[in-house]
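Report on the following structure.
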Amino acid sequence: MDNLTLEHMIKNCPVDNTFKIIGKKFTFHIIRNMAMRNQTRFNEFLGTIENINPKTLSLRLKELEETDLIERTVYDEIPIRIEYTLTKKGKDLQGIIDQMAAFSMKHYPKIVFKDGKKRNYKQVFKKPVTVLH
């Protein structure tokens, strides 16, 4: 495909579009915690995402739900229980998260690891990097 055809085909940069969806402060942290830490509850996010406040967390969860990256489930219990899970679309971000983690582990081990030694993704997470299909 030549550049002229590509320029006429693409309306907006796909990388920019992804950043518009997940680039707001704390949004990616929420997705990361859901994908890598299996977190599903408001207070779990609040306790593990540094400097996030309840109002911002609430807003980001609502935005993620509106973009169909997460699903909100309300359980009719006392007290009421609400859980958030990644949708299929949200799970497709796993590869991006894995690649970002692998990049930092490879190129910045002194920042990532207490001992400063390089490790690959599989050594740390005991699984291969996820690939989008």
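Side chains are part of it too, since the values below use all heavy atoms of this structure and drop only hydrogens, waters and symmetry mates.
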key: Salt bridge present between R60 and E63 (N-O < 4.0 angstrom)   = yes
Quick check against the 3.5 Å criterion: does [X] have a side-chain atom that pairs as donor or acceptor with the backbone of [Y]?
| X | Y | result |
| --- | --- | --- |
| K24 | I21 | no |
| R119 | K117 | yes |
| T40 | E83 | no |
| T56 | I52 | no |

Smallest separation among heavy atoms of [X] and [Y], with atom names:
| X | Y | result |
| --- | --- | --- |
| V129 | Q99 | CG1-NE2, 3.1 Å |
| Y121 | Q94 | OH-NE2, 4.1 Å |
| T48 | R37 | CB-NH1, 3.4 Å |
| S58 | F42 | N-CE1, 3.9 Å |
| M36 | I97 | SD-CG2, 3.3 Å |
| M105 | V124 | SD-CG2, 3.4 Å |

Report, as yes or no, whether the 6.0 Å neighbourhood of atom [atom1] on [X] holds more than 12 heavy atoms from other residues, nucleotides or ligands.
| X | atom1 | answer |
| --- | --- | --- |
| K127 | NZ | yes |
| M100 | CE | no |
| Q123 | CD | yes |

query = Does any non-hydrogen side-chain atom of I22 lie less than 4.5 Å from one of L69?
reply = yes
query = Are side-chain heavy atoms of R72 and K62 found at a separation under 4.5 Å?
reply = no
Got a second to check how far [X]'s [atom1] is from [Y]'s [atom2], nearest 0.5 Å?
| X | Y | atom1 | atom2 | result |
| --- | --- | --- | --- | --- |
| L46 | Q39 | CG | CD | 10.5 Å |
| F125 | D98 | CZ | CG | 7.5 Å |
| L93 | L86 | CG | CG | 8.0 Å |
| L61 | M34 | CG | CE | 7.5 Å |
| L59 | L64 | CG | CG | 9.5 Å |
| I49 | R32 | CD1 | CZ | 6.5 Å |

ask   = Should I80 and Y84 be counted in the same cluster of Ile, Leu, Val, Met, Phe, Trp and Tyr side chains packed under 4.5 Å apart?
value = yes
ask   = Would V74 and L57 show up in the same hydrophobic cluster when neighbours are defined by side-chain heavy atoms closer than 4.5 Å?
value = yes
request  = Give the other cluster members for F103, using side-chain heavy-atom distances under 4.5 Å between Ile, Leu, Val, Met, Phe, Trp and Tyr residues; answer none if it is isolated.
outcome  = Y108, I111
